[in-house]
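Side chains are part of it too, since the values below use all heavy atoms of this structure and drop only hydrogens, waters and symmetry mates. Below, chain A is the first sequence line, B the second, and so on; all start at residue 1.
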Number of protein chains: 2
Amino acid sequence: MKGRVSAYDVAKLAKVSQTTVSRVLNNYPHVRKETRKRVHDAINTLGFSPDEIARSLASKKTNTIGLIVEDISNSFYAETAHIILREAQKYDYEVIIIDAETDENSFERAINTLNGKRVDGIIVASARMDNQKVKEFYDKGFPIIFYNRRIYGIEESHYVEVDNRLGAKIAVNHLVENKHRKIAFISGPTIYSTFYQRFEGYKEALQENGLEYDESLIYKGEVIYEQVFQFALNLMRDKEMPTAFFASTDQMALAIMDAAARSGRHIPYDISIIGFDDIEIASNPYIGLSTISQRKREMAVLTLQKLFSLINKDDSNSEPNKITLEPELIIRKTTGVNNQ
Amino acid sequence: MKGRVSAYDVAKLAKVSQTTVSRVLNNYPHVRKETRKRVHDAINTLGFSPDEIARSLASKKTNTIGLIVEDISNSFYAETAHIILREAQKYDYEVIIIDAETDENSFERAINTLNGKRVDGIIVASARMDNQKVKEFYDKGFPIIFYNRRIYGIEESHYVEVDNRLGAKIAVNHLVENKHRKIAFISGPTIYSTFYQRFEGYKEALQENGLEYDESLIYKGEVIYEQVFQFALNLMRDKEMPTAFFASTDQMALAIMDAAARSGRHIPYDISIIGFDDIEIASNPYIGLSTISQRKREMAVLTLQKLFSLINKDDSNSEPNKITLEPELIIRKTTGVNNQ
DNA sequence: TTGTAGGCGTTATCAT
DNA sequence: ATGATAACGCCTACAA
């Protein structure tokens, strides 16, 4: 344990000052080629690797970012994390992932922890619209960027999202084009911008298509499999049941498919189902869920890019970055023409 | 940016020394109640939170562990990470996840990065049996523990795994009990202990059941959907096709199910399929994959527990921790009696 | 119970 | 091109 070799040991062996060791470590220009070599040799024979903690303390830079997600086992976040981890690596950045609930308390703890660890920036992938804790960080100019879900009420916030309102309209229109006129909507808590926007889109689409809004066709609760399943099952037992379901999440769509099977409905002949997100399982041949694509990869890559430019302040214009991508309709096997 | 408040600022405001601030921060016993209160007040009015980096440098402890996985978007790792992240949080630990390839180079980079960040311990969830880089860390007594996959050749290594050999035998026996006698085996690269052991178990089970080993029924390549799919498809086109497939991974089992559908085979009437891992999608009603459970949660919790005891050296006996759990057969819809 | 001073392993600022 | 030396923000003897 005492075997740690420091830059001093290297310096001694290479017969230079520790400062010079630091210089070659950081690729400073003004070091004689020969000196540089001596140092490198010493580094190798001693098997020295710099203490990033000490380095961070002195340089005020950790080369680490934080990623806050709600549940990494949720494939949407897992796939997102994969992209971000791999991408960050290319920039020599590591990432501390915090898997936490989204209530204000947990969120505050997450932010504080990350702040304590002195990360260079934070990606919030599971913001609730009311997470106001970030405000003080924004005021300090600390790099925070929202991925997918964003908060409201802070003008200067940076985010990368998909046009959820538009996505929802596309989904509903797809259903309407297939002659569905009674479309149930399954939403997660509208305290999340994604669900909020999708709900808005659903309502708008209904209106534009001259369809009436029916409260009894709406689920607007937690994203819990069993609850969604029950809600859908109840609707399906009704003779007047909707011919189509628009779920604001693929995960919820799966629960609806389950309910359809359980109640003996055949998809898509008796009932059409469309989701949102395009998680990996959606494309499984046995599932074949029609859905709206989130374009995760693009969102993730853009988010990281923006974050780094905030960190390095090489943002020519320090305007807030507000990026909204267009979603994409993906038709698979769970939506079809209404033939009742 | 210069607005950082340090323990000194707090000390000044509270009219104590910085040492005392440190003391209340670390809950030292011998601080007068009143002094403690003054300090707390100062902390609150200044909004001070300690710099964990400086703290780490001084204390040689980062309260951070590293987790090395192969692909966090793979649901097996995603589910594992979820458990570990949430669990570590309870101990006030954060985790840096490294998502890297498993070749020796990438592995070495991952280990070195984590070492540079001075993490207190490392969980390797995607070891290849030949990853020898860890040896020097073991020799230094650095806490490393293998989760699920382990390495060979280092006597003192710590690991938590499931009995893969036994799991494979259970799977094959289940198939044999259902009158299957021609059982294909789909394996990932046997450089991973899991695949290696499962392969061994498969062969042993065949032998114990008086079945002969047929090379043409074996896939032993990368875990790539398309390749597994094609391999299975080719077998299924054969008149003499196997009546059952044992996939050493649920992911691979999904590809086989796909191939079955593509070739018009009905599961489980024409063909039985069993996987290994019990990832979440396996229990989806539309999939209903029979499989062998990995008992992820127990493995993950045990791993973390062992790691912390290594970190805190409160391991009465410093014997290597070698834990092997028993796997469990989960019968769902993809396996049935052979009726040919 | 509280304070003083040195140290953790770098980077950063002056000199030379 | 290189070297002293002072930070960085906290912890930890040691002293009082």
Side-chain angles (χ1 to χ4, degrees), chain A residues 1-40 42-43 46-64 92 112-113 115-120, chain B residues 1-40 42-43 46-64 92 112-113 115-120:
Chain A
M1 234 38 176
K2 196 72 240 97
R4 283 238 137 283
V5 304
S6 77
Y8 269 106
D9 304 323
V10 175
K12 207 169 304 169
L13 182 58
K15 297 188 188 308
V16 294
S17 73
Q18 186 270 326
T19 306
T20 297
V21 174
S22 176
R23 285 202 180 93
V24 344
L25 239 43
N26 295 289
N27 289 315
Y28 268 60
H30 302 297
V31 178
R32 216 192 315 165
K33 208 169 180 181
E34 191 214 289
T35 316
R36 187 181 300 274
K37 183 176 175 350
R38 273 215 319 284
V39 173
H40 271 134
I43 288 178
L46 292 180
F48 165 79
S49 82
D51 185 323
E52 297 294 337
I53 296 291
R55 193 185 270 221
S56 294
L57 180 60
S59 69
K60 318 248 113 242
K61 205 162 176 316
T62 53
N63 268 50
T64 302
D92 256 301
N112 284 338
T113 300
N115 181 43
K117 297 276 188 203
R118 292 297 182 268
V119 295
D120 296 336
Chain B
M1 234 37 176
K2 194 73 243 95
R4 282 237 138 284
V5 305
S6 75
Y8 270 103
D9 303 324
V10 175
K12 206 170 304 172
L13 182 58
K15 295 188 190 310
V16 294
S17 73
Q18 185 268 323
T19 305
T20 297
V21 175
S22 177
R23 287 203 180 91
V24 344
L25 239 44
N26 295 288
N27 289 315
Y28 267 60
H30 302 296
V31 178
R32 216 193 314 164
K33 209 168 178 180
E34 191 213 290
T35 317
R36 189 183 298 276
K37 183 178 175 349
R38 274 217 317 284
V39 173
H40 273 135
I43 287 178
L46 292 180
F48 165 78
S49 81
D51 185 324
E52 297 294 338
I53 295 292
R55 190 184 271 221
S56 296
L57 181 61
S59 68
K60 317 250 113 240
K61 207 163 175 317
T62 53
N63 268 50
T64 302
D92 256 302
N112 284 337
T113 300
N115 181 44
K117 296 277 189 201
R118 293 296 181 267
V119 295
D120 296 337

If I take atom [atom1] in residue [X] and atom [atom2] in nucleotide [N], what distance separates them, rounded to the nearest angstrom?
X	N	atom1	atom2	result
A/F48	C/dG9	CZ	P	10 Å
B/I53	D/dA7	CD1	C1'	17 Å
A/H30	D/dG3	NE2	P	16 Å
A/R38	D/dA1	CZ	C1'	12 Å
A/E52	C/dT11	CD	C1'	12 Å
B/L46	D/dG9	CG	C1'	15 Å
B/Y8	C/dG3	OH	P	12 Å
A/D51	C/dC8	CG	C1'	8 Å

Examine [N]: is either OP1 or OP2 under 4.0 Å from a nitrogen or oxygen in the side chain of [X]? Give yes or no.
X	N	answer
A/R32	D/dA1	no
A/R55	C/dG9	no
A/T35	D/dT2	yes
B/K61	D/dC11	no

* For B/S56, report the nucleic acid contact type (base, sugar-phosphate, nothing); a contact means any heavy atom under 4.0 Å. =>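 Here B/S56 touches no strand at all.
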
* In Å, rounded to the nearest 0.5 Å, how long is the span from CZ of B/R55 to CG of A/L57? ->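 B/R55 CZ to A/L57 CG: 13.5 Å, rounded to 0.5 Å.
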
* Approximate separation, where rounding is to 0.5 Å, of B/K117 NZ and B/T113 OG1 ->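 Nearest 0.5 Å value for the NZ-OG1 distance: 8.0 Å.
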
Is there a side-chain contact between [X] and [Y], using heavy atoms and a 4.5 Å cut-off?
X	Y	answer
A/S49	B/N112	no
A/E52	A/T62	no
B/R4	A/R118	yes

* **Exercise: identify the closest heavy-atom pair between A/Y28 and A/R36** =>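 A/Y28 and A/R36 have their closest heavy atoms at O-NH2, 2.8 Å.
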
* Whether over 12 other heavy atoms sit under 6.0 Å from A/K61 NZ ->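 Yes, the 6.0 Å shell around NZ holds more than 12 heavy atoms from other groups.
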
* Asked: In residues 13-28 of chain B, which ones come under 4.0 Å of DNA chain D, going by heavy atoms?
  ->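 Nucleic-acid contacts, sorted: B/Q18, B/T19, B/S22, B/N26, B/Y28.
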
* Asked: How large an angle, rounded to 10°, do the end axes of the helix from C/dT1-D/dA16 to C/dT16-D/dA1 enclose when each is built from five base pairs?
  ->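 For the helix from C/dT1-D/dA16 to C/dT16-D/dA1, the axes at either end differ by 40°.
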
* Per the side-chain contact (heavy atoms from CB on, under 4.5 Å) rule, which among B/I43, B/V39, B/D9 passes with B/F48? ->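 Among B/I43, B/V39, B/D9, the one that satisfies the side-chain contact (heavy atoms from CB on, under 4.5 Å) with B/F48 is B/I43.
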
* Asked: Just one of A/V24, A/V31, A/V21 clears the side-chain contact (heavy atoms from CB on, under 4.5 Å) bar with A/V16, so which one?
  ->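 Running side-chain contact (heavy atoms from CB on, under 4.5 Å) over A/V24, A/V31, A/V21 with A/V16 returns exactly one hit, A/V21.
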
